[in-house]
Amino acid sequence: MKRRDFLGAASAGAVLAGCGSRETSPAAVASDPQQTLHWKMVTTWPKNFPGLGTGANHIAKLINEMSGGRIHVTVYGDSELVPAMEVFDAVSSGTAQMGHGAAYYWKGKSEAAQFFATVPFGMNAQEMNAWLFYGGGMELWREVYAPFGVLPVAAGNSGVQMGGWFNREINSLADLDGLKMRIPGLGGEVLKRAGGTPVGMAASDIFTSLQSGAIDATEWVGPYNDLALGLYKVAKYYYYPGWHEPGTTLECLVNKAAYAALPEDLQSIVVNACLVVNGDMLSEYTARNNAALQSLIHEHHVDVRAFPDSVLQRLRALSEQVVAEIAGKDELSGRVFESYRSFQRQVFSWHDISERAYMNVRES
Ligand code: CA
């Protein structure tokens with residue numbers, strides 16, 4: 001059913017075809033399996049960055065393999081073809097046929113985009129996937145990107161992130177006052193309400209900005225990725241939990257015209273390669289965060305701290321305001337908010353007596 005729905009959406013996309021680029025006639029590919037389509041995938045990550053960049057590489061490899069070489073995808077890191085924050089536009093215009101990033105980077109296109117990455121104090125990875133694939137989330141996501149000629153596919157998840165790296169202790173909300181912190185999406189807006197200054201910044205600039213004092217604090221992802229950036233060298237305290245990113249969905253962006261021009265079997269390969277990585281990346285993060293946390297604590301002697309409950313409670317109250325305000329931005333954002341909130345309420349209720357109840361009683 002799901003696949004049929006997806007292909008239905010794709011045929012609708014075919015109506016919009018004509019504004020993208022392609023380098024080989026799709027008719028030739030359909031009739032001659034020896035022909036190769038050369039696709040570009042631009043990403044918001046440094047080339048080969050652990051988890052995120054290698055996840056994008058994995059998608060390209062799967063497409064190349066599963067298509068028997070009929071599509072060859074070349075992956076470009078941040079700024080190799082376009083800068084990180086221009087990935088969406090590059091896919092929309094057809095400069096690249098695919099992109100890999102996170103939907104909260106595109107709030108300038110639509111406020112609603114942020115719901116498809118992560119929401120402060122919102123759903124975790126398991127719950128996000130449930131909403132996207134069985135709760136109407138994917139249909140809404142496709143609707144949000146449709147005006148831009150871009151087809152989204154869920155393509156990874158970081159799991160619950162860490163709260164970030166600080167050079168001051170966070171004992172009360174006042175400690176966030178005046179804090180200049182790299183933090184994206186809705187979490188950044190919440191920090192602003194708490195008196196801080198959120199800064200948007202691609203991965204490649206984080207280390208030097210924190211080192212030079214251009215920013216006071218940063219979040220990035222979790223132990224695996226934060227170890228790779230070396231953030232423990234330029235910050236004293238590593239706080240948890242990542243209240244602002246409780247399970248961030250990564251995305252594959254596909255140019256609709258390029259997609260619509262593919263024969264059905266290649267369309268299925270493109271989508272399903274992304275879906276393989278959607279699951280695989282979460283497994284990788286779980287395994288490697290676990291190992292990297294041990295290294296941060298025992299080899300690099302990082303001071304790992306929990307945010308005080310009082311701080312988290314205030315941030316949660318601010319988050320509710322920020323998220324609810326998006327609902328009023330436009331009609332579609334309102335529908336996305338209602339769908340997300342209604343699913344979240346129900347799944348939290350189920351997970352209270354399943355996942356949470358189990359977490360509370362199992363041995364740690
Ligand atoms: Ca993050």
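Every heavy atom of this structure was used, including side-chain atoms; hydrogens, water molecules and symmetry mates were not. As the structure lists them, so they are numbered: ligands from 1, and atoms in each ligand from 1. This one's a predicted model, so the numbers in the text were calculated from it and none came from an experiment.
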Closer than 3.0 Å to the Ca ion (ligand 1), what protein N/O/S atoms do you find?
Gln161 OE1, Glu219 OE1, Glu219 OE2, Trp220 O, Glu245 OE2
Are any non-hydrogen side-chain atoms of Val347 and Trp131 less than 4.5 angstrom apart?
no
Qualifying residues under ring-ring contact (aromatic ring centres under 6.0 Å, His included), relative to Phe337, sequence neighbours excluded:
none
Only counting residues at least two apart or in another chain, list the ones meeting ring-ring contact (aromatic ring centres under 6.0 Å, His included) with Tyr105.
none
For the pair His72 and His38, name the ring-plane relationship: parallel under 30°, tilted 30 to 60°, perpendicular over 60°.
tilted
If you look only at pairs with a residue in residues 115-125, which of them pass as a salt bridge (charged side-chain N to carboxylate O under 4.0 Å, His left out), with sequence neighbours excluded?
none
Check: Asn157/Asn129 side-chain N/O donor and acceptor closer than 3.5 Å:
no
